[in-house]
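Presented below is the structure to which this report refers.
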Amino acid sequence: MLNHNWRGALIRRLLLLLAGCLLLGLISGEYAWALAFGLAGYLGWHLSQLLRLHKWLRERQEDEPPPDGYGLWGEVFDSIYHLQRRDLRVRGRLQAVIDRVQESTAALKDAVIMLDSQGNLEWWNRAAETLLGLKSPQDSGQAISNLVRHPRFKEYFEQGNFHDNLELPSPINDRLRLQFHITRYGNREHLMLVRDVTRLHQLEQMRKDFVANVSHELRTPLTVITGYLETLLDNVEQINPRWLRPMQQMQQQAGRMQNLLNDLLLLAKLEATDYPSDSQPVAVDLLLLSITSDAQALSGARRHRLQLQADPHLKLKGSEAELRSAFSNLIFNAVKYSPDESEISIRWWSDEQGAHLAVQDSGIGIEAKHLPRLTERFYRVDSSRASHTGGTGLGLAIVKHVLLRHRGRLDISSTPGKGSTFTCHFPASQAVRRH
Ligand code: ADP
């Protein structure tokens, strides 16, 4: 509507100019000159308005209103002015939103860090400076692995699987324990949240220390009790027959307690460090041979048929003692939870994915609902059955810990009544092939 009006006014003005020129031509008799003169004047006026607009656009201060324009130029000045005002208002609102977001993240106690797809720092809040020691602006654009130099962080970041959190000491203060949580967003960029979990870690540490200390302290009295019971039972003929059975039971239960304490102490030891101290290639085939013969002894009169198939050239980097306790837990469980004379097969092999150990039995099996919780401490499918087999309920928890320390994982598949297969998977980087 406005456009239309302006177009009309413009045409009217042009016609008026032409009429003026014609009149001048009529008076002077020089039509061509009069027209040229009139048009030159008109062009000059437009140029002067354009120059005013240009001057205003270049030299204007913040929010300075445009000079008064005439006719269409005045309209153009006003429209540009309004557009600029609107732009300014939108920018102001956006800035306010950004300020609020920055203020709230700055007030967070947790560190928030934005990294690009390469892992270079883009933005971080104040807590990131106190927790990780990032310095603004020097560290902007730096690779995060240069600033958090812990080897486990590097490994965690490079493998790109951020499903689990990572816990590490702070790079600037050993006493601070930090939990790293990374999420990918947008164009493979990373959002990293870092929480201070020092207190939780201390509580966890207290719990571990307590269990380790109690287990350690209980060991000595228990050794004395079992020692005396053993000596007494060595001279059965001197014991009142009424006391024989209770004493045998005492000895059996004391043995169970000893196993429990040993398992608790082993778990405490496994939890104390992230990785085993030694990582020599272990000859798994020989280790399995020795465990299999122990398992055959454990089976005794139950005469399980143990089949061993192990690749003799395939070794595994790690601690032999830890691997022995993990593998023997799996193999002994197969013996404990399978019927007499049933077959148990043990296989150690490698493929493109890495090295694998499978222990397969044709025993009682485990219902699917128990599988996710099986590696929890003291978790038992059936407590009456467990006390019958003399288990501690810590075996699979030990297996899980040992595998974690060897970068492996445990996979359990089972069909009740048919049997179970416990498979340990190790990455190819842990395996060593020798001919
Ligand atoms: P436990 O010392 O009681 O054997 P574990 O941690 O080794 O404790 O095992 C936890 C539970 O898992 C056991 O109580 C048992 O019910 C079940 N389980 C373990 N291995 C087998 C298996 N091969 N077949 C059936 N059940 C098993």
Side-chain angles (χ1 to χ4, degrees), residues 208 211 215 218 222 252-271 288 291-292 294-300 302-309 321-348 356-406 408-425:
K208 286 180 193 165
V211 174
S215 315
L218 283 177
L222 200 61
Q252 193 194 353
Q253 294 302 325
R256 268 189 77 191
M257 270 169 84
Q258 249 169 349
N259 289 342
L260 191 63
L261 290 183
N262 289 340
D263 279 0
L264 279 173
L265 278 170
L266 177 59
L267 263 176
K269 214 175 90 193
L270 293 177
E271 280 181 336
L288 289 174
I291 299 173
T292 311
D294 290 349
Q296 200 72 66
L298 176 77
S299 165
R302 296 176 64 204
R303 299 230 300 280
H304 289 94
R305 282 174 290 131
L306 287 135
Q307 310 274 357
L308 174 63
Q309 258 181 59
E322 288 182 18
L323 291 173
R324 176 181 284 274
S325 59
F327 296 165
S328 48
N329 266 311
L330 292 180
I331 297 171
F332 294 172
N333 271 354
V335 171
K336 282 193 288 185
Y337 301 108
S338 310
D340 298 359
E341 291 175 31
S342 63
E343 190 167 302
I344 293 165
S345 99
I346 302 152
R347 213 153 74 82
W348 167 241
H356 317 270
L357 170 84
V359 181
Q360 185 177 14
D361 63 47
S362 37
I364 50 178
I366 307 153
E367 273 183 72
K369 65 172 181 189
H370 297 295
L371 294 183
R373 300 196 53 195
L374 222 52
T375 52
E376 283 174 22
R377 283 161 203 216
F378 299 114
Y379 187 82
R380 288 193 176 110
V381 173
D382 176 353
S383 49
S384 62
R385 187 206 289 167
S387 58
H388 176 71
T389 56
T392 60
L394 293 173
L396 291 180
I398 291 175
V399 174
K400 185 177 126 183
H401 262 87
V402 171
L403 293 194
L404 264 181
R405 289 158 67 82
H406 290 79
R409 69 187 166 82
L410 180 67
D411 192 45
I412 312 171
S413 67
S414 185
T415 319
K418 288 233 167 70
S420 322
T421 307
F422 288 74
T423 316
C424 311
H425 301 283

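Scope of the values below: all heavy atoms of this structure, side chains included, with no hydrogens, waters or symmetry mates. Just so it is clear, the model here is predicted, and its values are computed rather than measured. In listed order, ligands and their atoms are each counted from 1.
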Check: [X] side chain, [Y] main-chain N or O, donor-acceptor pair, under 3.5 Å:
X	Y	result
H304	S338	yes
S328	I291	no
R405	L270	yes

Which of the listed options, [options], holds the heavy atom that is closest to [atom]?
atom	options	value
atom 12 (O) of ligand 1	L330, L374, I364	L374
atom 17 (C) of ligand 1	I398, V359, V381, N333	V381
atom 3 (O) of ligand 1	F378, F422, Y337	Y337
atom 2 (O) of ligand 1	G393, G395, A334	G393
atom 23 (N) of ligand 1	T392, T421, D361, I344	D361

- Message: Looking at every heavy atom in both L374 and Y379, which two are closest together, and how far apart are they?
- Response: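 Closest approach of L374 to Y379, heavy atoms only: CA-CD2, 3.9 Å.
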- Should the proximity of K336 to ligand 1, defined as any heavy atom under 4.0 Å, be assigned to the side chain, the backbone, both, or neither?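 Side chain only.
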- Message: Which residue in the set L396, V359, I398 passes side-chain contact (heavy atoms from CB on, under 4.5 Å) when paired with N329?
- Response: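 Looking at L396, V359, I398, the match for N329 under the side-chain contact (heavy atoms from CB on, under 4.5 Å) is I398.
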- Item | Identified side-chain contact (heavy atoms from CB on, under 4.5 Å) partner of L260 from the options L218, L222, T392 |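 Of L218, L222, T392, side-chain contact (heavy atoms from CB on, under 4.5 Å) with L260 is met by T392 alone.
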- Query: Could you state the interatomic distance from OG (S299) to CG (D340), rounded to the nearest 0.5 Å?
  - Reply: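 Between atom OG of S299 and atom CG of D340 there are 7.5 Å.
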If you count the atoms of ligand 1 from 1 in the order shown, which ones are under 4.0 Å from a heavy atom of [X]?
X	result
I366	25 (C), 26 (N), 27 (C)
R380	3 (O), 14 (O)
Y379	10 (C), 11 (C)

- Contact (N/O only, under 3.5 Å) between L396 and ligand 1: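 Yes: some nitrogen or oxygen of L396 is under 3.5 Å from one in ligand 1.
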